[in-house]
Number of protein chains: 2
Amino acid sequence: MNLKELASKLGLSPTTVSRALNGYPEVNEATRARVMAAAKRHNYRPNTRAIRLATGRAMAVGHVIPVATRHEIVNPVFADFIAGAGESYSRNGYDMVLSVVPDDAEEEAYRDLRSRGAVDGVILHAPRMDDPRIPLLHEVGLPFVVHGRATGAGLPYSWVDVNNRRAFQRATEFLLDLGHTRIGLVNGLEFMDFAIRRRTGFADALAARGLSIDPDLCASDEMTEVAGFRAASAMLDLPAPPTAFLVASMISGMGVRRAIESRGLRMGRDVSVIIHDDDLSYMKNGEDVPIFTATRSSVREAGRIAAEMLMLRIAQPDAPPETRLLEAELIIGQSTGPAPRNG
Amino acid sequence: MNLKELASKLGLSPTTVSRALNGYPEVNEATRARVMAAAKRHNYRPNTRAIRLATGRAMAVGHVIPVATRHEIVNPVFADFIAGAGESYSRNGYDMVLSVVPDDAEEEAYRDLRSRGAVDGVILHAPRMDDPRIPLLHEVGLPFVVHGRATGAGLPYSWVDVNNRRAFQRATEFLLDLGHTRIGLVNGLEFMDFAIRRRTGFADALAARGLSIDPDLCASDEMTEVAGFRAASAMLDLPAPPTAFLVASMISGMGVRRAIESRGLRMGRDVSVIIHDDDLSYMKNGEDVPIFTATRSSVREAGRIAAEMLMLRIAQPDAPPETRLLEAELIIGQSTGPAPRNG
DNA sequence: TTGAAAGCGGTACCAG
DNA sequence: CTGGTACCGCTTTCAA
């Protein structure tokens with residue numbers, strides 16, 4: 001059932017039917033009602049392809065996922081963001097297009113999406129310092145919103161971010177309050193903007209207590225289980241091992257757990273551990289939450305917000321950039337860990 | 001730069017340019033070369049929206065992700081599948097559209113994708129027994145491939161699946177070989193097809209040794225950390241606790257780990273644990289792999305294969321259904337766990 | 001081997 | 001308030 005058929009069935013012109021369906025004011029309300037009813041009855045849905053060509057808008061938003069050595073997509077946090085954004089798109093009649101491309105083809109992917117007219121805008125993931133994708137997107141004229149911030153990007157842009165610095169600062173303060181002075185930081189790759197901010201929060205909290213960073217207690221690597229395992233293992237085998245850990249992700253946190261366990265130590269008894277981005281929020285009520293976490297739920301919220309900001313930018317490309325900083329929810333478990341035994 | 005502009009710049013008709021670019025044989029090779037060169041030089045890319053309308057094909061594939069209480073998308077396995085499929089799509093000029101919808105709107109989402117002409121086919125995720133989506137997709141005439149199998153579906157369909165039964169059977173056999181007789185199964189929800197198959201594999205291995213399933217040692221719940229924690233806790237607190245666990249997912253595996261730890265036990269020393277779908281494949285070389293795993297890499301492969309099968313079905317809708325069963329790769333760690341102390 | 005012209009299924013401008 | 005018509009940018013007969 002297409003517009004023309006529906007129109008002839010109603011004895012109206014396609015024009016009028018189109019107007020009635022799209023809520024144009026100049027249509028007689030009686031006519032509109034008739035049209036609406038017929039559309040519902042015949043289960044008419046306008047052809048997306050035709051709308052797209054006629055209006056020149058794709059009614060679609062792109063997310064480019066570079067994939068190769070590093071597998072961004074397996075990051076659960078990324079999935080949460082996508083889920084949040086996806087809900088917003090669905091509610092607003094937008095489609096979400098995911099492009100999974102080799103990571104050396106990312107730039108080409110953006111150019112392609114743009115010149116093919118496949119999407120009206122994109123979300124930029126995992127920004128790095130001086131991220132080259134920001135000037136690129138400006139150049140090709142594709143509206144975008146960044147999930148995170150790109151320090152050093154000369155050009156203005158819209159972003160939504162979780163306050164990583166603050167989250168790590170508070171987590172560090174919490175450990176310091178417990179009496180820990182040797183805290184191991186198991187961070188992500190520090191050319192990623194969020195990892196830099198996390199480190200800054202960590203350093204700030206230490207500095208506020210007159211402590212400085214011990215390079216032996218700082219690791220920066222991919223957020224995988226094996227990297228977490230290696231980093232924590234190395235620190236635990238130091239002459240003066242840390243009494244607490246602050247870990248960047250749920251996945252590297254698994255490696256840290258293993259390193260601790262495999263030395264006969266116990267998390268929450270011998271070593272305090274705070275894992276960021278772990279999702280134990282659902283355990284808040286009545287469950288024993290063993291570790292202090294910054295929950296992933298704010299990431300889902302970030303996805304929703306980013307999507308809405310992007311759709312707005314698409315509608316008004318010349319609006320000034322907008323920014324949103326979300327605070328991570330922090331959860332303190334009963335058995336987060338004691339004061340250090342020999343701290 | 002569009003087709004008409006490119007054509008007039010070349011002094012040719014749009015028809016000829018289109019034919020040259022699309023590899024039609026009737027074009028003079030000299031002309032074709034000239035056209036190709038000009039297209040490259042001007043960075044011409046045909047407008048996707050126009051192609052879609054003209055050809056009647058969307059050149060896009062849909063993945064519908066229902067979301068509400070259960071959050072399928074945060075399942076890392078799902079993300080791997082998407083990554084694998086996405087690569088295939090990109091290579092073949094297809095777009096992947098993700099629809100995140102409330103889980104009571106899934107049926108509507110398929111109808112909508114179909115009648116709007118937004119996609120040419122879909123991948124069906126997480127099939128259940130007698131899954132109603134299979135007759136639905138047949139009814140609306142949307143080509144599809146199932147990731148997994150739907151026992152009880154009367155109609156034929158194409159699918160790609162990992163051999164869950166075999167994976168769990170082998171894992172169970174491995175534990176039995178170590179001397180374990182009380183093995184706890186921490187399974188997913190057993191209305192999911194894959195969970196049923198996993199349980200069957202577990203049961204088969206036990207039966208082959210003359211053992212039967214102890215209902216107290218079988219849990220079936222969502223594959224979340226808290227569910228894993230609860231299930232393992234309950235079993236460990238039995239008068240005769242299990243000496244080994246077989247766990248359905250990386251995430252519930254985290255809960256099982258916690259339950260073990262919090263009782264002062266150690267994985268691999270006091271309790272043997274096998275986690276399915278955990279991704280420790282990258283730890284194979286030289287690293288200490290503490291647990292035996294069925295790796296996720298086969299899921300990525302499944303995504304690739306499913307995507308290719310779907311694109312084929314779209315091209316030839318009347319081809320007979322095709323099926324592929326992949327074997328999960330099994331990895332045995334050095335410290336998987338000893339024989340039971342009191343087994 | 002090339003081109004003219006008629007769609008694909010809508011939108012939107014201009015008349016009436 | 002309603003209808004005719006010219007697109008949107010490409011594909012695809014049909015003629016030349």
Side-chain angles (χ1 to χ4, degrees), chain A residues 1-36 38-39 42-60 93-95 112-120 315, chain B residues 1-36 38-39 42-60 93-95 112-120 315:
Chain A
M1 172 67 54
N2 63 23
L3 187 63
K4 202 192 293 183
E5 289 164 13
L6 183 62
S8 78
K9 220 173 268 285
L10 281 162
L12 289 168
S13 73
T15 312
T16 301
V17 175
S18 170
R19 278 195 283 239
L21 259 21
N22 290 308
Y24 282 63
E26 65 264 35
V27 179
N28 184 314
E29 281 308 323
T31 308
R32 189 195 304 282
R34 215 157 61 83
V35 171
M36 298 287 245
H42 294 93
N43 203 10
Y44 167 75
R45 285 180 176 95
N47 184 303
T48 298
R49 299 189 290 256
I51 293 178
R52 287 175 175 167
L53 181 57
T55 61
R57 294 179 309 154
M59 289 305 285
Y94 272 77
D95 282 340
D112 188 58
L113 284 175
R114 166 59 166 166
S115 49
R116 281 167 45 217
V119 301
D120 297 319
Chain B
M1 171 67 53
N2 63 22
L3 186 64
K4 200 194 293 183
E5 289 165 13
L6 183 63
S8 78
K9 221 174 268 285
L10 283 162
L12 289 168
S13 73
T15 312
T16 302
V17 175
S18 169
R19 279 197 280 241
L21 259 20
N22 292 309
Y24 282 63
E26 65 263 36
V27 178
N28 182 315
E29 281 308 323
T31 309
R32 189 195 304 283
R34 215 159 59 84
V35 171
M36 298 288 244
H42 294 92
N43 202 11
Y44 167 75
R45 286 185 178 90
N47 184 303
T48 298
R49 298 188 291 255
I51 293 178
R52 287 174 175 168
L53 182 58
T55 61
R57 293 179 308 153
M59 290 304 285
Y94 273 77
D95 282 341
D112 188 60
L113 285 174
R114 166 59 167 167
S115 48
R116 282 167 46 217
V119 302
D120 297 319

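Lettering of chains follows the sequences in order, A, B, ..., and the numbering in each one begins at 1. When reading the values below, keep in mind they use all heavy atoms of this one structure, side chains included, and skip hydrogens, waters and symmetry mates.
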TODO: Can you tell me the distance, in whole Å, between the NZ atom of B/Lys4 and the P atom of D/dT11?
DONE: 14 Å
Task: side-chain hydrogen bond (donor to acceptor under 3.5 Å, both in side chains) against B/Arg52, all qualifying residues, sequence neighbours excluded - done: B/Asp95
Open item on the list: Can you give me the closest heavy-atom contact between A/Ala58 and A/Ala118, atom names plus distance?
Closed with: CB-O, 3.3 Å
Open item on the list: Do B/His42 and B/Glu5 make a side-chain contact, defined as non-hydrogen atoms from C-beta onward lying under 4.5 Å apart?
Closed with: no
Task: Residue list, side-chain hydrogen bond (donor to acceptor under 3.5 Å, both in side chains) with B/Ser115, at least two apart or on another chain - done: A/Arg45
Open item on the list: Heavy-atom nearest nucleotide on DNA chain C for B/Thr55 versus B/Val17: which residue maps closer to 5'?
Closed with: B/Val17
- [ ] Answer yes or no: does atom CZ of A/Arg57 have more than 12 heavy-atom neighbours from other residues, nucleotides or ligands under 6.0 Å?
- [x] no
Task: Gap separating the CG atom of A/Asn47 from the CE atom of A/Met1, nearest 0.5 angstrom - done: 13.5 Å
Open item on the list: Within the 4.5 Å heavy-atom criterion, are B/Val17 and B/Leu3 side-chain neighbours or not?
Closed with: yes
Open item on the list: Using whole Å, what does the distance between atom P of nucleotide D/dC10 and atom CG of B/Asn2 come to?
Closed with: 5 Å
- [ ] May I ask you to list the residues of residues 22-34 of chain B, by number, that have any heavy atom positioned under 4.0 Å from an atom of DNA chain D?
- [x] B/Asn22, B/Tyr24
Please table the atom pairs, donor to acceptor, closer than 3.5 Å between any side-chain atom in residues 19-27 of chain B and protein atoms at least two apart or in another chain.
residue: B/Asn22; atom: ND2; partner: B/Ser18; partner atom: O; Å: 2.9
residue: B/Asn22; atom: ND2; partner: B/Ser18; partner atom: OG; Å: 3.4

Task: Atom pair CG/CG of B/Leu6 and B/Asn43 - distance to nearest 0.5 Å - done: 11.0 Å
Task: Distance-minimising heavy-atom pair for B/Tyr44 and B/Asn2 - done: CE1-C, 3.6 Å
Task: Opening and closing nucleotides of DNA chain C in contact with chain B, under 4.0 Å to non-hydrogen atoms - done: C/dT1 to C/dG9
Open item on the list: Tell me every residue that passes side-chain contact (heavy atoms from CB on, under 4.5 Å) with A/Ile51, counting only those two or more places apart in sequence or in another chain.
Closed with: A/Pro46, A/Thr55
- [ ] Return the set of residues passing side-chain contact (heavy atoms from CB on, under 4.5 Å) with A/Ala54 (not counting sequence neighbours), or none when no residue passes.
- [x] none
Task: B/Thr16: side-chain hydrogen bond (donor to acceptor under 3.5 Å, both in side chains) partners, not counting sequence neighbours - done: B/Ser13
Task: Axis-to-axis angle between the two ends of the helix from C/dT1-D/dA16 to C/dG16-D/dC1 (five base pairs per end, rounded to 10 degrees) - done: 40°
Atom pairs under 3.5 Å, N or O on each side, protein against nucleotides 4-7 of chain D: can you list them with distances?
residue: D/dG4; atom: N7; partner: A/Thr15; partner atom: OG1; Å: 3.3
residue: D/dG4; atom: O6; partner: A/Thr15; partner atom: OG1; Å: 3.0

Task: Pairwise distance CG(B/Asp112) to OG1(A/Thr48) - rounded to 0.5 angstrom - done: 7.0 Å
Open item on the list: Working to the nearest 0.5 angstrom, can you tell me the gap between B/Leu10 CG and B/Thr31 OG1?
Closed with: 9.5 Å
Task: Close approaches to DNA chain D from residues 42-52 of chain B, in residue order (heavy atom, under 4.0 Å) - done: B/Tyr44, B/Pro46, B/Asn47, B/Ala50, B/Ile51
Task: Between P of D/dC10 and CG of B/Leu21, the distance in whole Å - done: 10 Å
